[in-house]
Amino acid sequence: AAVIRDPILTTLTATLQPGSSAATGGAPALDAADDESAGRAAAPRQLWRWLAYDVAVWAAVALMFAVQAWGRGAGPFARLVVTQEASFLPCAVFTPLIAFVALRYRFNDERGPWRAVAAHVGCMLAFLVLGAMMMGALEWSLPWEPAGAGVGAAMRTAVGRYAAIDVILYVTTAAAALALAYARESREREVRAAQLQARLAEAQLHALGAQLHPHFLFNTLHAISALV
């Protein structure tokens with residue numbers, strides 16, 4: 001299965017292959033171990049940072065919708081902000097799951113795209129049903145919203161009312177997670193290529209030194225014997 005490649009869920013597990021100990025004195029293996037340990041130590045911080053990004057992005061989206069509604073004269077600005085933030089809260093809750101599915105089941109997997117299709121269909125249905133029900137329940141709980149027939153009716157109504165927009169939100173979220181992951185992987189490939197190039201140059205320098213040392217010793221002994 002494809003590894004998860006986004007720091008929302010975990011750090012990248014792939015590391016540079018260590019070089020030959022004869023050529024580098026064992027330093028690359030130590031560097032690789034240090035890099036892996038540093039990656040594990042940084043994973044919790046990265047997770048919390050990306051969760052903060054998740055909440056901030058959806059809060060900004062909700063604020064934009066509130067501004068749009070306020071411009072149409074839909075009501076007091078503060079009330080509209082609270083309503084929109086409550087409506088988009090399930091999106092922030094489901095984003096880690098959507099990102100996990102998008103990164104764990106990729107369409108370019110060597111085993112074919114059908115696993116990714118099945119995973120996305122299941123996750124999308126969960127978001128369309130459970131996410132919409134959460135939206136309906138949160139909106140119903142606001143004091144300025146009409147009580148209607150109760151929270152159950154509000155949840156059932158929300159499933160149908162938000163189906164189309166939820167599909168768009170799901171596709172956009174999954175695409176954004178993949179785009180960020182591919183961009184990060186591209187940068188890391190470039191860094192690793194530069195590191196490999198530097199290690200190759202170092203190995204070539206060691207090899208050249210190993211070739212020069214016997215000749216230097218031989219020339220020195222020859223000069224000493226000539227003087228004697």
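Looking at heavy atoms from C-beta onward, Trp50 lies in side-chain contact with Leu180 at the 4.5 angstrom threshold. Residues Tyr170 and Cys123 have side chains in contact (heavy-atom distance under 4.5 Å, counting atoms from C-beta outward). Side-chain contact between Cys91 and Thr173: absent, with no pair of heavy atoms (C-beta onward) separated by less than 4.5 Å. Considering only heavy atoms from C-beta on, Phe127 stays 4.5 Å or farther from Met124 through its side chain. Within the 4.5 Å cutoff, the side chain of Phe107 has heavy atoms near those of the Val117 side chain.
Val171 and Leu125 fall into different hydrophobic clusters, where Ile, Leu, Val, Met, Phe, Trp and Tyr side chains are chained together by heavy-atom contacts under 4.5 Å. The hydrophobic cluster containing Met155 does not contain Leu89, counting ILVMFWY residues as joined when their side-chain heavy atoms lie under 4.5 angstrom apart, directly or transitively.
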Which atom pairs, one a donor and one an acceptor, fall under 3.5 Å between side chains of residues 56-82 and the rest of the protein, sequence neighbours left out?
| residue | atom | partner | partner atom | Å |
| --- | --- | --- | --- | --- |
| Trp58 | NE1 | Asp54 | OD1 | 3.3 |
| Trp58 | NE1 | Thr95 | OG1 | 2.8 |

N/O donor-acceptor pairs under 3.5 Å from side chains in residues 131-140, not counting sequence neighbours:
| residue | atom | partner | partner atom | Å |
| --- | --- | --- | --- | --- |
| Glu139 | OE1 | Arg161 | NH2 | 3.2 |
| Glu139 | OE1 | Tyr162 | OH | 3.0 |
| Glu139 | OE2 | Ser87 | OG | 2.5 |
| Glu139 | OE2 | Tyr162 | OH | 2.5 |
| Trp140 | NE1 | Ala147 | O | 2.7 |

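Remark: the backbone N or O of Leu103 is paired with a side-chain donor or acceptor of Arg106 at under 3.5 angstrom.
Residue Phe100 holds its CZ atom at 5.5 Å from OH of Tyr105, rounded to the nearest 0.5 Å. Atom CG of Asp166 is separated from atom CG of Leu130 by 11.0 Å, given to the nearest 0.5 angstrom. Rounding to the nearest 0.5 Å gives a distance of 5.5 Å between CD of Gln46 and CZ of Arg49. How far CZ of Arg189 is from CG of Leu196: 13.0 Å, rounded to the nearest 0.5 Å.
Contacts classified as salt bridge (Lys or Arg N to Asp or Glu O under 4.0 Å) and involving residues 84-93 (residues at least two apart or in different chains) are not found.
The 12-atom threshold is not exceeded at CH2 of Trp48, counting heavy atoms of other residues, nucleotides or ligands nearer than 6.0 Å.
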Candidate pair Trp144 and Thr83, rule side-chain contact (heavy atoms from CB on, under 4.5 Å), full reasoning: CA-CA 9 Å; Trp144 50 81; Thr83 301; 3.0 Å; yes
